[in-house]
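Since the structure comes first, as structure tokens, the remarks are kept for the end.
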Amino acid sequence: MRWAADAVATLREGARVRLDYSARSLWRVDRVIEEIRREGAPIEAVGGVLRGFGAYAGEVVVRRTGAEWWATGGEHWVRTPDGRLWDPIEEARRSFLGHGSLRLLCRDATADA
């Protein structure tokens, strides 16, 4: 997904953080989201960045499980082979608000993989 590639490039160039589409790399993404939240950025100002982080987490799940992206009504979901739907983009927003974690979403989505 293009949003994931954009997030990887942005972090590599701006924050010098390298992402390799591993589950472990989501620790770094969660920390970056936490840092942005601590800086006091309004969610409206970082919506595109959060979308990219969520797409990146979704791509991690897709690559680890053979899942696929689903789009309905402008929303983007990841459907794992067991039929479950995951919303990593919303999870990125929840993480920014202090109620979610992309790392934990990936752990749960890949538990049976």
Worksheet item: Between the side chain of Thr65 and the main-chain N/O of Val61, is any donor-acceptor distance below 3.5 Å?
Response: yes
Worksheet item: How many angstroms lie between OG1 in Thr80 and CZ in Arg64, if you round to the nearest 0.5 Å?
Response: 13.0 Å
Worksheet entry | pair Trp69-Glu59: side-chain heavy atoms closer than 4.5 Å | yes
Worksheet entry | Val46 side chain reached by Phe53 side chain, heavy atoms, under 4.5 Å | no
Discussion item. Tell me the closest heavy-atom pair linking Asp87 and Glu75, and the distance in Å.
Written reply: OD2-OE1, 4.3 Å
Fill in: His99 NE2 to Leu97 CG distance, which is reported to the nearest 0.5 Å
6.0 Å
Worksheet entry | Closest non-hydrogen atom pair between Ala71 and His76, with its separation | CB-CD2, 3.8 Å
Worksheet, complete the sentence: Nearest heavy-atom contact between Asp20 and Ser25 is OD1-CB, 3.6 Å
Worksheet item: Which distance, rounded to the nearest 0.5 Å, do you find between the CD1 of Ile33 and the CZ of Phe96?
Response: 9.0 Å
Item to complete: Using a 4.5 Å cut-off on heavy atoms from C-beta on, say whether the side chain of Trp77 contacts that of Ile89.
Response: no
Worksheet entry | Distance, nearest 0.5 Å, that separates CH2 of Trp70 from CG of Leu85 | 7.0 Å
Item to complete: Could you grab the distance from atom CZ of Arg103 to atom CZ of Arg24, nearest 0.5 Å is fine?
Response: 11.5 Å
Discussion item. Minimum heavy-atom separation for Arg79 and Ala67, please, with both atom names.
Written reply: O-CB, 3.1 Å
Worksheet entry | Backbone of Ser101 reached by a side-chain donor or acceptor of Asp30 within 3.5 Å | no
Practice prompt. Classify the angle between the aromatic ring planes of Tyr21 and Tyr56 as parallel (below 30°), tilted (30 to 60°) or perpendicular (above 60°).
Written response: tilted
Worksheet item: Rounded to the nearest 0.5 Å, how far apart are CG of Leu105 and CZ of Arg94?
Response: 9.5 Å
Item to complete: Report the C-alpha separation of Val60 and Ser22 in whole Å, then their side-chain angles, then the decisive distance to 0.1 Å, and conclude whether the side-chain contact (heavy atoms from CB on, under 4.5 Å) test is met.
Response: CA-CA 6 Å; Val60 171; Ser22 68; over 6 Å; no
Worksheet item: Linking I/L/V/M/F/W/Y whenever their side-chain heavy atoms sit closer than 4.5 Å, directly or via other members, would Leu102 and Ile43 fall into one cluster?
Response: yes
Worksheet item: If only atom types and distance count, is the side chain of Arg37 paired as donor or acceptor with the main-chain N or O of Ser95 below 3.5 Å?
Response: yes
Worksheet entry | Ion pair Arg31/Glu35, N-O distance below 4.0 Å | no
